[in-house]
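This report refers to the structure that appears directly beneath it.
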Amino acid sequence: MTRLSRRALLISSGSLAGAGAVAGAVAASRRRRPGAPPTRPSAAPPASGATAATPAHTPLPRGGRLSIAAPASFDFDTFDAARSGEPSVVELLGRAHARLIQWADPAAAVLGPDLAAAWEQPDPLTLVLRLDPRARWHDVPPLAGRPVTAAEVQAHLARVIAIARAGDAPRAQRFTALLDVARVETPGPAAVRLALDRPSPLLLPALAGEFALVQPPDVLEGPSAPSDPLDPSLLAGCGPWVFAGFDGPAARFRAHASGHRSPLLDELAISPPLNVLERYRAGELDEFPAIDPRDAAAARALPGIQEFPRYHRELVLSSFSTAGPPWSDPRLVEAVSAALNRGWLAQALFAGRASPSGPLPPCCTAALQPSGLAPFPGYAADPAADARAARQRWEAAGGPSLGPVTVDIPSIFDPRYAASAIVITRLNDVLGPQFRPAIETYTTIARRVQEGAYGNGRAAFWFGWSPPLPSPDPRELLLHLYGHALALAERSNLLAADPADSAAFAGLQQAILRGGFRGVVPWVQQVGETFRRPGTVGPAPSPFWDGYRDVQRYRLP
């Protein structure tokens with residue numbers, strides 16, 4: 001699976017529809033494949049005697065080694081979490097480092113403790129984080145297994161906030177909520193207090209963000225800080241796994257048994273998704289994603305193997321600048337949406353490995369169900385009915401008079417999925433022979449989004465992968481795509497909603513669909529498969545990075 005999150009291109013969360021969206025090529029200062037890091041960190045012998053507390057009536061097996069393949073190849077830019085936007089970096093840092101809080105249940109958008117065992121908000125302008133007293137840095141130089149202190153967390157947060165205010169962080173960091181923090185204080189040896197300039201409803205999700213990893217400031221910027229941004233010493237943290245080096249392409253970890261979240265396994269290995277079936281059959285892999293549908297078909301024939309659906313991290317979508325003609329007429333956008341009926345599109349473009357998406361993606365529990373989407377253009381159970389309605393809308397709004405309509409398709413999306421043939425043929429068949437494909441880079445597409453070139457007198461739009469979905473929080477998901485198009489009252493009501501209250505988001509989604517999609521048309525969310533060896537137990541796969549839940553994995557005897 002080629003993923004937008006694997007690209008250097010990162011598009012801002014402000015808007016894909018042209019109201020201030022910014023796309024930039026983030027050039028990494030150095031890139032190194034994982035086969036040969038310059039050195040490996042010193043490693044103390046594995047600690048013994050420490051075990052995670054489990055209910056007496058359901059003892060879980062402890063010990064053993066698990067080997068899993070990551071969803072995408074490795075391409076590291078820096079091991080400084082605050083300065084990276086590269087998802088594969090999190091495959092390493094996210095296991096070796098802790099966040100202050102985590103998504104305890106990504107599917108339900110429920111937050112839970114990590115380095116902060118508890119937190120409270122005594123008033124809208126104060127957040128107090130209570131650190132877990134068991135938290136310790138890894139027992140490697142220069143950390144030497146010492147306790148994590150509130151002063152270190154304060155220094156970490158101050159550094160991250162300074163980077164955010166300087167505008168030096170990649171857009172993937174999503175640091176916006178941290179700009180609401182006026183001061184970081186330490187009211188006690190195990191407490192950190194954030195004093196805010198204004199209420200910040202998305203501060204807690206920001207502290208659980210993909211790159212919100214707490215790193216020891218002295219290792220990053222102290223007198224002995226390494227000059228190489230990929231020095232393995234930067235992988236030492238207080239997370240549940242201690243980095244133990246590379247074995248070929250695989251990153252090896254051992255359990256941090258003396259920390260605040262002790263894994264059930266002794267060892268874990270993470271590798272790129274190369275030759276997964278061959279390696280599984282050879283006993284070298286216990287879990288892998290099926291990137292190629294042929295791999296999925298072959299895997300299903302393996303005895304006893306477990307299969308789990310896995311939503312992709314991005315949506316397939318299009319954006320239209322609605323500030324001026326032609327797309328300021330919502331009937332034209334609705335006609336395009338109806339022509340590319342979601343059920344038809346999922347089957348024709350992805351062989352059924354996709355689900356229709358509304359304003360909230362189907363991976364979100366607050367997403368509209370098929371019955372709630374069915375009344376809107378493009379979601380009818382009968383694609384032919386949608387096609388007839390699409391042609392009527394297109395002609396009533398003067399679509400044929402637009403002349404040629406250009407559809408930009410990313411070069412990494414096509415020819416892989418033949419979108420320039422499948423999508424364009426469908427549009428021409430349904431709406432009339434005036435649509436033309438153009439294969440472009442994401443850099444070009446992002447620049448055109450920023451310039452409002454998909455509208456404002458130009459009959460054009462784009463079709464491809466969105467930026468990575470930001471978090472399980474439905475508020476962030478909606479702001480991610482539609483923040484530019486929300487009225488002040490809509491934005492206020494959205495931020496005040498309880499993320500766990502699915503009904504709170506139905507009205508806004510319906511309003512977006514009724515208003516010609518407000519310039520952003522979601523098509524589908526692709527679905528892949530994850531396969532596990534019999535006896536391997538762990539959480540169900542999430543479209544959001546959740547490797548911190550590897551502490552729950554174990555092997556049955």
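Values reported hereafter were calculated over all heavy atoms of this structure, with side chains retained and with hydrogens, waters and symmetry mates removed. On a predicted model such as this, the values are computed, not experimentally measured, just so you know.
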- Task: Answer yes if the side chains of T406 and R458 hold a donor-acceptor pair under 3.5 Å, and no otherwise.
- Result: no
- Could you verify whether a donor N or O on one side chain and an acceptor N or O on the other, from Y417 and Q526, lie under 3.5 Å apart? yes
- Message: Determine whether D75 and S88 satisfy the following criterion, side chain to side chain donor-acceptor pair (under 3.5 Å), listing intermediate values before the conclusion.
- Response: CA-CA 6 Å; D75 193 7; S88 63; over 6 Å; no
- Query: Going by distance alone, is a donor N or O of one side chain under 3.5 Å from an acceptor N or O of the other, for N456 and S321?
  - Reply: yes
- Message: Testing the 3.5 Å rule here: is there a donor-acceptor pair between the side chains of Q525 and S357?
- Response: no
- For Q306 and T536, indicate whether the former's side chain and the latter's backbone hold a donor-acceptor pair under 3.5 Å. yes
- Query: Is there side-chain contact between P470 and L477, with at least one heavy-atom pair below 4.5 Å?
  - Reply: yes
- Message: Could you go through L486 and L508, starting from their C-alpha distance and side-chain angles, then the distance that decides it, and tell me whether this counts as side chain to side chain contact (heavy atoms under 4.5 Å, CB included)?
- Response: CA-CA 9 Å; L486 298 183; L508 180 55; 3.9 Å; yes
- Are the side chains of P229 and F79 in touch, meaning some heavy atoms are under 4.5 Å apart? no
- Knowing that exactly one of P499, S502, P474 qualifies, which makes a side-chain contact (heavy atoms from CB on, under 4.5 Å) with T365? S502
- Query: Do side-chain atoms of D295 reach the backbone of A290 as a donor and acceptor pair under 3.5 angstrom?
  - Reply: no
- Look up atom CG in D550 and atom CG in L66, then write down how far apart they are to the nearest 0.5 Å. 8.0 Å
- Query: For W545, what residues pass the side chain to side chain donor-acceptor pair (under 3.5 Å) criterion, not counting sequence neighbours?
  - Reply: E91
- Shortest non-hydrogen contact from L431 toward A390: CD2-O, 3.6 Å
- Task: Tell me, with the steps shown, if R310 and T530 meet side chain to side chain donor-acceptor pair (under 3.5 Å).
- Result: CA-CA 6 Å; R310 176 179 51 86; T530 292; 3.2 Å; yes
- Item | Exam field: side chain R475 to backbone L495, donor-acceptor pair closer than 3.5 Å | yes
- Message: I'd like to know whether Y454 forms a side chain to side chain contact (heavy atoms under 4.5 Å, CB included) with I445, so could you lay out the CA-CA distance, the side-chain angles of the two residues, the decisive distance to 0.1 Å, and finally the verdict.
- Response: CA-CA 9 Å; Y454 295 120; I445 289 172; 3.6 Å; yes
- Item | Distance in Å, L513 CG paired with L373 CG, rounded so as to fall on 0.5 Å steps | 6.5 Å
- Message: W465 vs F413, test: ring pair (Phe, Tyr, Trp, His ring centres under 6.0 Å). Steps then yes/no.
- Response: CA-CA 8 Å; W465 284 302; F413 196 88; 4.7 Å; yes
- Task: Under the side chain to side chain contact (heavy atoms under 4.5 Å, CB included) rule, what do L317 and V521 come out as? Steps first, then yes or no, please.
- Result: CA-CA 6 Å; L317 58 75; V521 177; over 6 Å; no
- Would you check if S271 and R279 make a side-chain contact, meaning some heavy-atom pair closer than 4.5 Å? yes
- Query: Aromatic rings F463 and W523: how do their planes relate, parallel, tilted or perpendicular, breaks at 30° and 60°?
  - Reply: tilted
- Message: Is it the case that the ring center of F461 lies less than 6.0 angstrom away from the ring center of F320?
- Response: yes
- Query: Who pairs with W394 by side chain to side chain donor-acceptor pair (under 3.5 Å), at least two apart in sequence or on another chain?
  - Reply: Q434
- Item | Flag side-chain contact, heavy atom, 4.5 Å: I68 against R553 | yes
- Query: Does the distance from a Lys or Arg side-chain N to an Asp or Glu carboxylate O, for R532 and E307, drop under 4.0 Å?
  - Reply: no
- Task: Please answer whether the main-chain N or O of L332 pairs with a side-chain N or O of R393 as donor and acceptor at a distance below 3.5 Å.
- Result: no
- Query: Hey, are the side chains of P410 and T441 touching, using non-hydrogen atoms and a 4.5 Å cut-off?
  - Reply: no
- Test item: side-chain donor near acceptor, S67 and D286, under 3.5 Å: no
- Can a salt bridge be assigned to the pair R549 and D546 using a cut-off of 4.0 Å between side-chain N and carboxylate O? yes
- Does the pair R518/E490 count as a salt bridge with the N-to-O cut at 4.0 Å? yes
- Okay, side chain of D408, backbone of A460: is any donor-acceptor separation there less than 3.5 Å? no
- Heavy-atom pair of closest approach, residues P534 and I305: CG-N, 4.0 Å
- Drop me the distance from R65's CZ to L268's CG, to the nearest 0.5 angstrom. 8.5 Å
- Point-to-point distance, once rounded to the nearest 0.5 Å, from OH of Y548 to CG of L213: 11.5 Å
- Nearest non-hydrogen partners of P289 and A70, listed with the distance: CG-O, 3.5 Å
- Query: CD1/I422 to CG/L349 distance, rounded to the nearest 0.5 angstrom?
  - Reply: 5.0 Å
- Check R83 against T78 and note the closest heavy-atom contact, atom names and distance. O-CG2, 3.8 Å
- Query: Between the side chains of D386 and Y379, does any donor sit under 3.5 Å from an acceptor?
  - Reply: no
- Hey, what do you get for CG (D473) to CG (L204), rounding to the nearest 0.5 Å? 10.0 Å
- Query: Got D429 and T425 here, is their nearest side-chain heavy-atom distance under 4.5 Å?
  - Reply: yes
- Side chain N341, main chain W344, donor-acceptor under 3.5 Å: yes
- Between R313 and E210, is there a side-chain N and carboxylate O pair less than 4.0 Å apart? yes
- Query: With side chains defined as the heavy atoms from C-beta onward, is the minimum distance between H312 and V527 less than 4.5 Å?
  - Reply: no
- Item | Pi-cation contact, Y280 with R533 (under 6.0 Å, within 45°) | yes
- Query: For the side chain of Q509 and the backbone of A366, is there at least one donor-acceptor N/O pair under 3.5 Å apart?
  - Reply: yes
- Message: I want to know whether F76 and F74 have ring centres closer than 6.0 Å.
- Response: yes
- Message: Determine whether F376 and R514 satisfy the following criterion, side chain to side chain contact (heavy atoms under 4.5 Å, CB included), listing intermediate values before the conclusion.
- Response: CA-CA 7 Å; F376 298 101; R514 281 195 299 269; 3.6 Å; yes
- Task: Taking all heavy atoms of P361 and all of L315, pick out the closest pair and write down the distance.
- Result: CB-CD2, 3.5 Å
